[in-house]
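One structure below.
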Amino acid sequence: MAAAGGGFEDPAADVLAQAAAAFGLLASPARLHIVWVLSRGESDVTGLAERVGGALPAVSQHLTKLKLAGLVRSRREGRRQVYYVDDPDIVEVVHLLVGRLSDRAAPVRRRLHGL
């Protein structure tokens, strides 16, 4: 790691690549919505599809990508596969970003609603 002008060290290239890959996966509104829902509690693919308004095969494909990246995990409960986010840092990042953007958009929505 190289030290920057302010004395802070830059992250290693592999760390930056991993972060970019995670942000790339979360750049999809559907995948971001899935992670948001799972950050609130675990769910099976049917419940997720209903909640995010996606087709079951599409939600399943998104979950596969999120699992391969390590952003989502699953466990078997009988015949069901239950999905969850097991990384509190991912939950914090998603809540922070979506929460801040929601807060910024709220006054605009209130003004538009009043028209």
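Note that the coordinates shown come from a computational prediction; the quantities given were computed from them, not determined experimentally. For reference, positions follow the sequence shown, starting with 1.
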Does some side-chain heavy atom of [Y] sit less than 4.5 Å from a side-chain heavy atom of [X]?
X: Val85; Y: Leu71; value: no
X: Arg75; Y: Gln81; value: no
X: Leu101; Y: Arg104; value: yes
X: Asp89; Y: Val93; value: no

Next item on the list: Could you please spell out the steps behind the side chain to side chain contact (heavy atoms under 4.5 Å, CB included) verdict for Glu77 and Glu42?
Entry: CA-CA 12 Å; Glu77 276 187 6; Glu42 51 192 39; 4.2 Å; yes
Notebook entry, point to check: Just by distance, do the side chain of Arg76 and the backbone of Arg79 share a donor-acceptor pair under 3.5 Å?
Noted result: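 Yes; judged by distance alone, with no hydrogens or angles, the pair exists.
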Checklist line | N/O donor-acceptor pair under 3.5 Å between Ser60 side chain and Leu56 backbone | finding: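 Not at all, since once roles are kept as given, no pair shorter than 3.5 Å links the two residues.
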Rounded to the nearest 0.5 Å, how far apart are [atom1] of [X] and [atom2] of [Y]?
X: Ile90; Y: Glu92; atom1: CD1; atom2: CD; answer: 10.5 Å
X: Glu50; Y: Asp44; atom1: CD; atom2: CG; answer: 8.0 Å
X: Thr64; Y: Gln61; atom1: OG1; atom2: CD; answer: 7.5 Å
X: Arg80; Y: Ser74; atom1: CZ; atom2: OG; answer: 12.0 Å

Under 3.5 Å, sequence neighbours excluded: what are the donor-acceptor pairs made by side chains of residues 27-41?
residue : atom : partner : partner atom : Å
Ser28   : OG   : Ala30   : N            : 3.4
Ser28   : OG   : Arg31   : N            : 3.3
Arg31   : NE   : Leu25   : O            : 2.9
Arg31   : NH1  : His62   : ND1          : 3.1
Ser39   : OG   : Trp36   : O            : 2.6
Ser39   : OG   : His95   : NE2          : 2.7

Checklist line | Cluster check Val72, Val98: I/L/V/M/F/W/Y, side chain < 4.5 angstrom | finding: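 In one cluster: yes.
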